J.: 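Take a look at the following structure, please.
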Amino acid sequence: QVQLVESGGGSVQAGGSLRLSCAASGRTFSSYAMGWFRQAPGKECEFVAAITWSGGTRLYADSAKGRFTISRDNAKNTVYLQMNGLKSEDTSVYYCAATRGTSWSIEAMDYWGKGTLVTVSS
């Protein structure tokens with residue numbers, strides 16, 4: 001069992017930065033690949049970024065490439081999402097998720113956090 005708790009959300013002006021953190025419980029964190037997803041009001045949940053258990057491979061949605069960076073610290077059981085150059089369309093609830101699989105679909109995630117709200121004002 002893995003419990004995930006996100007933090008770091010808040011309100012920021014367009015062009016600003018935020019760093020989200022996701023703290024995981026459990027001794028098996030390093031065996032899970034981790035992902036960030038987001039859901040804007042009235043929209044479906046979408047993939048943002050993912051990182052393999054070793055950190056050796058990182059994947060990004062087109063909307064995140066060049067602006068967001070995912071990283072992890074297995075010693076601290078934490079995954080991060082550094083978000084720079086934020087835009088109003090980045091306003092969403094951001095969720096972290098964990099999987100032992102290799103698919104990044106929403107259905108493939110084994111565990112989810114409760115989310116943290118990011119609001120970007122223009």
Side-chain angles (χ1 to χ4, degrees):
Q1 188 79 6
V2 175
Q3 292 184 330
L4 305 173
V5 180
E6 302 94 338
S7 61
S11 297
V12 63
Q13 290 191 334
S17 299
L18 284 174
R19 188 176 81 154
L20 305 183
S21 300
C22 175
S25 64
R27 294 175 292 177
T28 60
F29 171 76
S30 61
S31 66
Y32 285 85
M34 301 295 296
W36 285 97
F37 295 77
R38 67 185 184 185
Q39 186 167 22
K43 295 188 177 181
E44 294 185 351
C45 187
E46 64 178 6
F47 169 80
V48 176
I51 188 168
T52 53
W53 67 271
S54 67
T57 299
R58 308 178 192 195
L59 302 171
Y60 297 95
D62 287 343
S63 60
K65 287 178 182 176
R67 299 187 301 128
F68 295 1
T69 302
I70 189 170
S71 61
R72 68 188 295 161
D73 185 338
N74 287 343
K76 295 182 178 180
N77 279 13
T78 302
V79 63
Y80 305 97
L81 185 68
Q82 177 67 43
M83 304 187 295
N84 299 327
L86 284 162
K87 306 174 182 179
S88 58
E89 52 262 44
D90 294 318
T91 295
S92 292
V93 177
Y94 284 73
Y95 300 90
C96 72
T99 180
R100 278 184 164 165
T102 56
S103 170
W104 294 109
S105 68
I106 293 170
E107 296 76 15
M109 297 298 108
D110 296 311
Y111 300 100
W112 290 85
K114 293 184 178 180
T116 185
L117 177 63
V118 171
T119 303
V120 184
S121 58
S122 57

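Just so it is clear, the model here is predicted, and its values are computed rather than measured.
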J.: Hey, mind stepping through Phe68 and Leu86 against side chain to side chain contact (heavy atoms under 4.5 Å, CB included) and telling me if it holds?
T.: CA-CA 9 Å; Phe68 295 1; Leu86 284 162; 4.0 Å; yes
J.: Applying a strict under-4.5 Å side-chain criterion to I, L, V, M, F, W and Y, I'd like to know whether Leu4 and Ile51 cluster together.
T.: yes
J.: Taking only Lys NZ, Arg NE, NH1 and NH2, and the carboxylate oxygens of Asp or Glu, determine whether Asp62 and Lys65 approach each other closer than 4.0 Å.
T.: yes
J.: Stepwise, does the side chain to side chain contact (heavy atoms under 4.5 Å, CB included) test hold for Trp104 with Met109?
T.: CA-CA 7 Å; Trp104 294 109; Met109 297 298 108; 3.6 Å; yes
J.: Give me the atom names and distance for the closest heavy-atom approach of Ser88 to Ser122.
T.: CB-CB, 4.5 Å
J.: Between Ser71 and Arg58, is there a side-chain heavy-atom distance shorter than 4.5 Å?
T.: yes
J.: Would you indicate whether the side-chain heavy atoms of Thr69 and Tyr80 approach each other to under 4.5 Å?
T.: no
J.: Can you establish whether the number of heavy atoms outside Trp53 located under 6.0 Å from its atom CH2 is more than 12?
T.: no
J.: Nearest 0.5 Å, please: how far is OG in Ser54 from CG in Asn74?
T.: 8.5 Å
J.: To the closest 0.5 Å, what do you measure between CG (Leu18) and OG1 (Thr116)?
T.: 8.5 Å
J.: Using side-chain heavy atoms (C-beta onward) and a distance below 4.5 Å, is Val79 in contact with Trp36?
T.: yes
J.: Find out whether Tyr111 and Tyr32 are in side-chain contact, i.e. whether some heavy atom of one side chain is under 4.5 Å from a heavy atom of the other.
T.: yes
J.: Is there a side-chain contact between Phe47 and Ile106 (heavy atoms, below 4.5 Å)?
T.: no
J.: Working to the nearest 0.5 Å, report the span between CG of Asn77 and CE of Met34.
T.: 9.5 Å
J.: How about Tyr60 and Arg67: do any of their side-chain heavy atoms sit closer than 4.5 Å?
T.: no
J.: According to the disulfide (SG to SG under 2.5 Å) rule, which pairs have a member within residues 33-122, sequence neighbours left out?
T.: Cys22-Cys96
J.: So how far is it from Thr28 OG1 to Gln1 CD, rounded to the nearest 0.5 Å?
T.: 9.5 Å
J.: Can you name the nearest heavy-atom pair linking Ala33 to Arg72, along with the distance?
T.: CA-NH1, 4.0 Å
J.: Is there a side-chain contact between Tyr94 and Gln39, using heavy atoms and a 4.5 Å cut-off?
T.: no
J.: What distance separates Leu20 CG from Thr78 OG1, expressed to the nearest 0.5 Å?
T.: 12.5 Å
J.: What is the distance from atom CZ of Arg100 to atom OG of Ser31, rounded to the nearest 0.5 Å?
T.: 4.0 Å
J.: Is Val2 reachable from Trp112 through a run of hydrophobic residues whose side-chain heavy atoms are each under 4.5 Å from the next?
T.: no
J.: Within a strict 4.5 Å, meaning less than it, do heavy atoms of the Met83 and Val12 side chains meet?
T.: no
J.: Are Val48 and Val120 in one and the same hydrophobic cluster, where Ile, Leu, Val, Met, Phe, Trp and Tyr link if side-chain heavy atoms are under 4.5 Å apart?
T.: yes
J.: Is Ile70 linked to Phe29 within one hydrophobic cluster, defined over Ile, Leu, Val, Met, Phe, Trp and Tyr using a side-chain heavy-atom separation of less than 4.5 Å?
T.: yes
J.: Do Arg38 and Glu46 sit within salt-bridge range, that is, some charged N less than 4.0 Å from a carboxylate O?
T.: yes
J.: Check Ser17 against Gly85 and note the closest heavy-atom contact, atom names and distance.
T.: OG-N, 4.3 Å
J.: Is there a donor-acceptor pair under 3.5 Å between the side chain of Ser25 and the backbone N or O of Gln3?
T.: yes
